Amino acid sequence: MARSPWHKLPEELTERVFAYLPISSVLQCRCVCKQWKTILTSHNFVELWTNLTPKNKWFLIYHSSEVVAAYSPSSSRWNNIPVYDRCSLDSRQVLLMASAGGLLCFRNRNAEYPTLIVCNPVTKTRRVLPEMLQIRYIDIMGMVADKTTNSYKILVTGTTESTTDESITEVYDSRLGKWIHQCNSKQEFLQFWYEVHAVWLEGSFYCLAMPITASQGYRLLTYSMERREWIDLDVKMPSTDLRCPSLLICQGRLLLTGKIVECHSTRSICIWELKKDSMQWVRIDVMPGDVLSKIHLPYFLILQCQGNNNLICFSTHRGWQSLIYDLRDRSWQWLPENRAYTQTRSQLNGRNNLVGMPYEPSLAANV
């Protein structure tokens, strides 16, 4: 390093040069020498990098027992993240539930009470959250991060017993380090067969679910953090033949994707937008027939979608190529093959474990 031009640069200038590197390059440079590691782990650099570097949002698409396969649209590259090793987690004992602001939230598996663990894979930090106040069975979960305060909140709606008809909503606030009881409700639309993911938009969480006792099919629900209440928006679904719906947030727009199944056959895959003035789903595009035939999606296979800025990523449990739709030019593009995942693919006998979440790697996000 003594003969290198880097050695002659003032530390402030060195930090600024490094601050324009993508996060994967920053992590690699930390391993070059002690001097670079000191610079690249300093508080000043992390703050500078956060302010200067263009945000690189990834799609978390599928996972194995060792890594989570993430795709970066900006660099057109796969990043196979050793999340479980970096966060000291056993992949057999946890389930990824939510993502926000560079953080991942896991729930423990096969335990008497649910425990949530928040991790930052980049900084190798994690926090086991305190036990929820009353909830023992999770029905709905959502997460939102506030970059201004470097904090996050986690919304959980569930019950104390699997047989009860009273739902409880609690929110974890990282600034306070504790759970806060929000409300109780006996609304039948909050009783689900499975855990539902909620998305965040303009002060409220939204989720799409099919309640146990409801005969109307899928329902669009919203939770206002300010009013502390769940509301059934009573929005009619675009089709009674809708299957595998996903709720997405793209550039402040609430979108819905899903497949239309008729006579045990996938007829189409569509994208709709909720028009708030009329509270109706309006179709904005449909997957072209030639693309639909290549994705080869039997009616019984799960289709999972996720939104990220102007992009929507479509993935299935069978088949290893995912598809990205660009809202700006209404184009469809297949993702390149994740060659580093070849050995893992053979071990999984042709099936993948879908994740389906956007992720923005962060050097600054605190757990």
Side-chain angles (χ1 to χ4, degrees), residues 22-24 54-64 67-81 96 98-100 102 104 197 199 201 208 242-260 266-274 281-298 301-342 344-345 351-361:
I23 195 165
S24 56
K55 299 303 173 283
N56 186 11
K57 294 188 176 181
W58 298 352
F59 288 116
L60 300 181
I61 297 181
Y62 48 83
H63 73 91
S64 69
V67 302
V68 175
Y71 182 76
S72 169
S74 62
S75 64
S76 301
R77 291 180 55 187
W78 285 96
N79 299 276
N80 296 309
I81 315 169
L96 181 56
S99 170
L104 303 178
H197 177 65
V199 296
L201 176 64
L208 193 67
L242 178 66
R243 301 291 184 272
C244 298
S246 295
L247 209 57
L248 320 170
I249 304 297
C250 290
Q251 292 294 307
R253 304 160 66 184
L254 185 61
L255 304 182
L256 171 69
T257 63
K259 56 183 181 177
I260 304 299
T266 302
R267 297 299 184 186
S268 61
I269 294 176
C270 303
I271 305 170
W272 298 270
E273 180 179 358
L274 182 68
W281 292 110
V282 177
R283 195 177 78 177
I284 58 177
D285 213 340
V286 59
M287 184 178 291
D290 58 332
V291 177
L292 181 63
S293 63
K294 288 181 181 179
I295 204 170
H296 186 61
L297 188 67
L301 279 187
I302 292 176
L303 172 73
Q304 196 166 61
C305 305
Q306 52 180 306
N308 191 335
N309 289 333
N310 287 301
L311 304 178
I312 300 175
C313 182
F314 295 80
S315 305
T316 71
H317 272 298
R318 185 181 297 171
W320 292 86
Q321 267 200 303
S322 295
L323 186 68
I324 281 185
Y325 174 80
D326 194 324
L327 288 161
R328 293 165 295 189
D329 57 11
R330 303 179 66 179
S331 62
W332 301 81
Q333 182 178 358
W334 294 99
L335 268 61
E337 183 179 2
N338 186 0
R339 298 185 181 278
Y341 211 81
T342 303
T344 303
R345 287 172 53 178
R351 291 181 64 87
N352 53 41
N353 299 304
L354 291 179
V355 177
M357 292 181 191
Y359 171 62
E360 184 181 327

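Scope of the values below: all heavy atoms of this structure, side chains included, with no hydrogens, waters or symmetry mates. Computed from a prediction, not measured in an experiment: that's the story for all the values here.
- For the pair Leu327/Ile284, a side-chain contact is recorded, criterion being any heavy-atom separation below 4.5 Å from C-beta on.
- Ser246 meets the side-chain hydrogen bond (donor to acceptor under 3.5 Å, both in side chains) test with no other residue; sequence neighbours excluded.
- Evaluation of the side-chain hydrogen bond (donor to acceptor under 3.5 Å, both in side chains) rule for Ser331 yields Asp329 as partners, not counting sequence neighbours.
- Of the possible polar contacts, one joining the Asp326 side chain to the Arg328 backbone as a donor-acceptor pair under 3.5 Å is found.
- Evaluation of the side-chain hydrogen bond (donor to acceptor under 3.5 Å, both in side chains) rule for Glu360 yields Lys147 as partners, not counting sequence neighbours.
- Listed here is the closest heavy atom pair of Leu247 and Leu208: CD2-N, 4.0 Å.
- A search for side-chain hydrogen bond (donor to acceptor under 3.5 Å, both in side chains) contacts involving Arg253 returns Glu273, not counting sequence neighbours.
- Side-chain atoms of Trp272 never come within 3.5 Å of backbone atoms of Gly258 as a donor-acceptor pair (strictly under, hydrogens ignored).
- Residues forming a ring pair (Phe, Tyr, Trp, His ring centres under 6.0 Å) with Trp332 (at least two apart in sequence, or on another chain): Phe314, Tyr325.
- No side-chain donor-acceptor contact under 3.5 Å links Asn310 to the backbone of Gln251.
- Here the closest non-hydrogen pair linking Leu248 and Gly307 is CD2-N, 3.7 Å.
- Taken to the nearest 0.5 Å, the CD1 atom of Ile312 stands 4.0 Å off from the CD1 atom of Ile271.
- The side chain to side chain contact (heavy atoms under 4.5 Å, CB included) check on Leu96 picks up Leu60, Leu104, Phe106, Val355, Met357, with sequence neighbours excluded.
- Under the ring pair (Phe, Tyr, Trp, His ring centres under 6.0 Å) test applied with Tyr71, the options Trp334, Trp78, Phe59 reduce to a single match, Trp78.
- In this structure, Cys313 and Asn308 have side chains that are not in contact, with every pair of non-hydrogen atoms separated by 4.5 Å or more.
- A pairwise comparison of heavy atoms in Asn338 and Ala69 identifies ND2-CB, 3.7 Å as the closest pair.
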